[in-house]
Amino acid sequence: MKRIKIKELLASPPVGSDVLVKGWVRTRRGNKNIIFIALNDGSTIRNIQIVAETSRFGEDLIRDITTGSCIAVTGRLVESQGQGQDVEIAAAEIVIYGKCDPETYPLQKKGHSMEFLREIAHLRPRTNTFSAVLRMRHAMSFAIHKYFNDKGFYYLHTPIVTGSDAEGAGEMFHVTTFDLANVPLDSNGNPDYSLDFFGKPANLTVSGQLEGELGALALGEIYTFGPTFRAENSNTPRHLAEFWMIEPEMAFYDLNDNMDLAEDFIKYLIRYALDNCSDDLEFLNNMIDKGLYERLRFVVDNEFVRMTYTDAVRILESSGRKWEYPVGWGRDLQAEHERFLVEEHFRKPVILTDYPAEIKAFYMKQNDDGKTVRAMDVLFPGIGEIIGGSQREEDYEKLITRIREMGLPEKDLWWYLETRKFGTAPHSGFGLGLSRLMIFMTGMSNIRDVIPFPRTPKNAEF
RNA sequence: UCCUCAGUAGCUCAGUUGGUUAGAGCGGCGGACUGUUAAUCCGUAGGUCGUAGGUUCGAGCCCUACCUGGGGAGCCA
């Protein structure tokens, strides 16, 4: 008999027919005559109830059906006599694939703390919460590809190993084949990178944006979607050393087009989750965050506020609030300022634009005022900046002047600069952190709990 | 990295002013129950009190350092 997945089984239950299901035992209840098994195969958060009369099966077999064990069950799908489920399987045959010692298996029927589950990341996908989160993470990844594909964007694979540290987006991880206990030195006593694998210093990427721009200036509209790495010593519930990022980059988009895309994109993803992840969302709404549904709908139903940095500073200055960090034009906004705007003043997502050039990256398009650049930050309740982007500076002279002002290594960026020399075009793009999106989509409070195997300072287990 | 809180049974926690033999719930194990729903009921085992020093007649409790984790901040996505 062919195995049927529990998701499929419950979607249109073939009551009266014999079925074969395989999965992991969540709980077992019962007495000496009859036992009830809640079986889960990961295809859905919902379990199928298996009913087994002990007289039909050996005592040894029944004893080995414990929480966490893996079994295959053949039996008739029948309407349930009990409350709580519509159908159940009257077991005719049970095969135990994998026993699970109840004395040492760390997952129990009762709930566990997120901190404890993080220590057993190899087993936590077997919990309701993590299976729901991981299914949703998949759904979001798929929806991201679907959204861009449907819009005619091309998925560009930007490199993970990079020879440039041009963007300065953070500390980088070095990539080398040197024996670190015996690094070849040059005549000045510095590492002789000409002898290293790439013949020059190499790092893990902190962003695919610069290469993404190269793609956009040929293919029109592209997006990247891959892992990035930051060696920052950041210990917060919103930072990872390895995380996934989506970076669309579009030729002929100005900042308004960019904002329109960002807002439409994020609303599409939320709508996709509401339409396709209802079981998992319902579980998360009930067990993790009672306000989850409401918040998702709220974002879908409301236009994002759009305003300039300068106006935002004015609002903050006249708010009458006492700030821990001072507010003033030219200073970067702190978490407390962003939270005030999003969570108290406007009470909806906010896109701030036109930041002072001094606090933004070199590649952002310079405004005519000589002070600000065409940047945009999308601020969300609870997580702060979920998207950061800008229109890019397409003018060669302005760009190279800025690079020199900031003391960046101009010769490492020759390829980036050449796109401004040869058929330059106005273009824009932004970056969205997948895990930050997942925090918002699931109601989870720590970024380490929305990725299967988090990498953080002092932690690369699993 | 800074600030702050915490670390006691497999898990979640209590533990009085420093004082005899460190407790509970859940989970596990044994038993009872003919349909359970985080089943219920009875019984039972389970501890180097994060690590290393120190103070004291005496430390789970006080002091110091370190480790690990949570929250907040910085950096950022």
Side-chain angles (χ1 to χ4, degrees), chain A residues 26-38 46-55 63 66-68 78-85 88 90 100-120 123 127-128 167-171 205-209 227-247 287 324-325 332-339 359-361 377-380 383-389 430-440 445-451 456-459 461:
Chain A
R26 281 290 163 76
T27 63
R28 192 191 77 178
R29 299 176 289 273
N31 53 52
K32 72 178 172 196
N33 300 301
I34 187 166
I35 62 163
F36 301 90
I37 303 160
R46 298 164 72 188
N47 302 325
I48 184 77
Q49 173 157 283
I50 312 293
V51 185
E53 289 168 32
T54 46
S55 57
R63 193 169 36 235
T66 58
T67 298
V78 297
E79 286 182 17
S80 179
Q81 296 173 32
Q83 306 294 308
Q85 61 280 316
E88 63 194 21
C100 188
D101 178 12
E103 280 195 40
T104 50
Y105 186 56
L107 292 172
Q108 44 188 59
K109 297 179 191 180
K110 221 169 171 167
H112 293 286
S113 68
M114 293 300 157
E115 292 79 21
F116 174 68
L117 292 172
R118 221 171 281 151
E119 292 170 11
I120 50 167
L123 296 173
T127 64
N128 285 335
E167 205 199 343
E171 291 297 313
T205 181
V206 294
S207 164
Q209 182 201 313
T228 50
F229 306 86
R230 306 264 169 104
E232 296 286 349
N233 192 8
S234 296
N235 295 284
T236 84
R238 297 177 306 282
H239 289 86
L240 292 167
E242 173 184 303
F243 61 99
W244 286 63
M245 200 158 54
I246 301 105
E247 295 176 293
M287 304 300 288
E324 190 181 337
Y325 290 86
D332 208 354
L333 298 181
Q334 302 295 316
E336 57 173 337
H337 308 139
E338 296 180 349
R339 292 181 75 107
I359 58 174
K360 288 293 182 184
D377 282 2
V378 182
L379 309 178
F380 261 40
I383 44 182
E385 181 186 337
I386 193 169
I387 282 179
F430 62 81
L432 166 71
L434 177 69
S435 298
R436 294 224 175 141
L437 174 76
M438 289 306 300
I439 290 175
F440 183 76
S445 50
N446 193 310
I447 201 164
R448 296 163 195 191
D449 300 327
V450 295
I451 189 167
T456 52
K458 302 269 186 288
N459 191 351
E461 194 65 50

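Side chains are part of it too, since the values below use all heavy atoms of this structure and drop only hydrogens, waters and symmetry mates. The structure presented is a predicted model; accordingly, all values stated were derived computationally and were not measured.
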*asked:* From CG of A:Asn33 over to P of B:rA32, roughly how many Å is that when rounded to an integer?
replied: 11 Å
*Once you apply the 3.5 Å cut-off to both distances, tell me the Watson-Crick or G-U wobble partner of B:rC61, or none.*
none
*What is the pairing partner of B:rC2, taking Watson-Crick or G-U wobble pairs with both distances under 3.5 Å in any strand?*
B:rG72
*Can you check the A:Glu461 CD to B:rU68 P distance for me, whole Å?*
13 Å
*Report the base-pairing partner of B:rA14 (Watson-Crick or G-U wobble, both distances below 3.5 angstrom), or none.*
none
_Suppose we call a contact any N or O donor and acceptor under 3.5 Å apart; does that hold for the side chain of A:Gln81 and the base of B:rG35?_
yes
*For B:rG7, which nucleotide is its Watson-Crick or G-U wobble mate, given both distances must be under 3.5 Å?*
B:rC67
*When we call it a touch if two heavy atoms are under 4.0 Å apart, what does A:Glu324 touch: a base, just sugar-phosphate, or nothing?*
nothing
_Under 3.5 Å donor-acceptor pair, A:Glu88 side-chain atoms to B:rG35 base atoms_ = yes
*Which whole-number value in Å describes the distance from A:Arg63 CZ to B:rG31 P?*
9 Å
*When rounded to the nearest 0.5 angstrom, what distance separates CD in A:Glu338 from CG in A:Leu379?*
4.5 Å
*Is any N or O donor-acceptor pair between the side chain of A:Gln108 and the base of B:rG28 shorter than 3.5 Å?*
no
*Checking only heavy atoms, does the side chain of A:Asn235 share a donor-acceptor pair with the base of B:rU1 at less than 3.5 Å?*
yes
*Ignoring hydrogens and angles, are the base of B:rC76 and the side chain of A:Ser234 linked by a donor-acceptor pair under 3.5 Å?*
no
*Looking only at heavy atoms, which two atoms of A:Ser435 and A:Val450 are closest? And how far apart?*
O-CG2, 3.6 Å
*Taking OP1 and OP2 of B:rG70, is either one under 4.0 Å from a side-chain nitrogen or oxygen of A:Arg448?*
yes
*Can A:Arg230 and A:Thr228 be counted as having a side-chain donor-acceptor contact under 3.5 angstrom?*
no
*Go through the N and O atoms of the side chain of A:His239 and the base of B:rC76, and report whether any donor-acceptor pair is under 3.5 Å.*
yes
*asked:* Determine whether a donor-acceptor pair (one donor, one acceptor, N or O, separation below 3.5 Å) exists between the side chain of A:Gln85 and the base of B:rU37.
replied: yes
*Scan every strand shown for a Watson-Crick or G-U wobble partner of B:rG43, both distances under 3.5 Å, and answer none if you come up empty.*
B:rC29
*Which base sits across from B:rU37 as a Watson-Crick or G-U pair, both distances under 3.5 Å?*
none
*Checking side-chain contact (heavy atoms from CB on, under 4.5 Å) against A:Asn446, which of A:Arg118, A:Glu115, A:Arg238 comes through?*
A:Arg118
